[in-house]
Amino acid sequence: MDHGGLAHALTACGRDGFTGELRVPGSPGGAFHLRDGLVVAAESPGAPGAEALLLRSERIDGEQWAELVRGTGERWPTAALVERGYAGAAQLRVVCLMALQDAAFAVVAGRVDACERVTGTEPHAPVAPGERPARLLEDAVRKVAAVDALPYPVRPDRERPLPMASPQQACTPLQRDLLAHADGRRTARDLAFRTGRGVYTVTVEIARMLSEGLLECAGPLAPVPLLMAPEAPVARQREQAAPEPEAPPSAELPHRAPGASGITEVLPPPTSGVSWKGFFRLRHGTAE
Amino acid sequence: MDHEALAREMRGLREEVTGITDTALAAADGMLIAADTAESIDPEGLAALAAAGLGLARRTAAATARGALRQTVTYGSQGCVAFYAVGDTALMVVLGDEGMDVNRLHRATHPALDRIGSILTEKTPEGV
């Protein structure tokens, strides 16, 4: 299926006032979430989502994020993020919209195999009221054409650039980050995730830096060097003479006696009055 | 062992599944066989951790009668690490960023594991 097929499927969703998900298998592929015919979210393995952008921006760390998600039961806890001062409501809307448009770019820049409608799923970080499907796709197609028109056209998943300058020679924070993380293994898409920026932004900047000589590509087909252990252990079929000690056939787990390991003598005593000995096992729904 | 074929499989996997950042292959005892890893990763240490983690998971599956171990996945806020057994003599580690689709990874990896298992256990021709 070509991109015309995707455009047809997505605009049909808009015309039908579809609510649900349009899955787009491919490379990287992705999914568009619609409400009443408007695209409220999009995600793709080819572009960082709102959560990745927020976490990589270091406004909030992984543990604080996990605590908010646990506490609110929401996968995108907008109210709690604003309340705790991690981000403003407008900033969060912008992050979600950027992630949506960036995912659309990643899908369009890649290969589209099929389009299938799915209902009953909920997007993580929806925007309100949503984007018109035709406008969203036009924007993505325009961006792909803009990248192709650059003197050094780059595909998000193709070139794996090497730095030709030190990060100190960079003119902008984005250039500095790209020079620090480009290693000849990472594509524009990988660098977008690594630096917490949109894949379109990173793709364009890499194209510019390649034409300025700040980055260089060994070529899209150059093999990535692979480390082989000098004396690689040879995996063989297991010898019959050396059987692995079998787990006991019974389903019983090994029993341990409290304090048998001696760890309680090594570790300081717990400061709280709560002891692990207070735990009990539930068996058949009742405490032993 | 055909090193080129092994390299092709490992690179092929990284090309096929968006979001894979590194792969490593080790014997079941944690000795590194091959690594396609960034400089920031210590492949020997990763192989040893993978052997320990997979060994623990295999014993856990056996002790709780969960059948044959398929894989274990460690999820972090910035990506995940998947450990796969290659037969019962080797293992493979795949690192991915937060964009990697783990179900797609499993679908792509299982056929590759069979091929890698064959490469690892194939007999070296006599006199070579």
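Any value given below was found using the heavy atoms of this structure, including those in side chains, with hydrogens, waters and symmetry copies removed. Within every chain, numbering begins at 1; the chains are lettered A, B, ... in the order of the sequence lines, protein sequences first and strands thereafter.
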note = The interface call for P48(A) against chain B, heavy-atom contacts under 4.5 Å, is neither

query = Considering residues at least two apart in sequence or located in another chain, which fulfil the salt bridge (Lys or Arg N to Asp or Glu O under 4.0 Å) criterion with R155(A)?
reply = D148(A)

inquiry  = Does anything in residues 101-109 of chain A reach chain B? List residues with heavy atoms under 4.5 Å apart, or say none.
reply    = none

request  = Can you sort out the partners of Y84(B) under ring pair (Phe, Tyr, Trp, His ring centres under 6.0 Å), two or more places apart, ordered by chain and number?
outcome  = H106(B), H110(B)

key: Atom group of R189(A) that falls short of 4.5 Å from chain B, counting heavy atoms   = side chain

query = How many angstroms lie between CZ in R56(A) and CG in D97(B), if you round to the nearest 0.5 Å?
reply = 7.0 Å

Within 6.0 angstrom of R70(B) CZ, more than 12 heavy atoms from elsewhere = no

message = Give me the atom names and distance for the closest heavy-atom approach of R186(A) to A38(B).
response = NH2-CB, 4.3 Å

Contacting region of D183(A) [heavy-atom separation from chain B under 4.5 Å] = side chain

message = If the condition is ring pair (Phe, Tyr, Trp, His ring centres under 6.0 Å), which residues does H124(A) pass it with, not counting sequence neighbours?
response = none

query = If only atom types and distance count, is the side chain of R185(A) paired as donor or acceptor with the main-chain N or O of D36(B) below 3.5 Å?
reply = yes

remark   = Between the OG atom in S27(A) and the CD atom in E15(B), the distance rounded to the nearest 0.5 Å is 9.5 Å

task = For S77(B) and G62(A), work out which heavy atoms get closest and say how close.
result = OG-CA, 3.7 Å

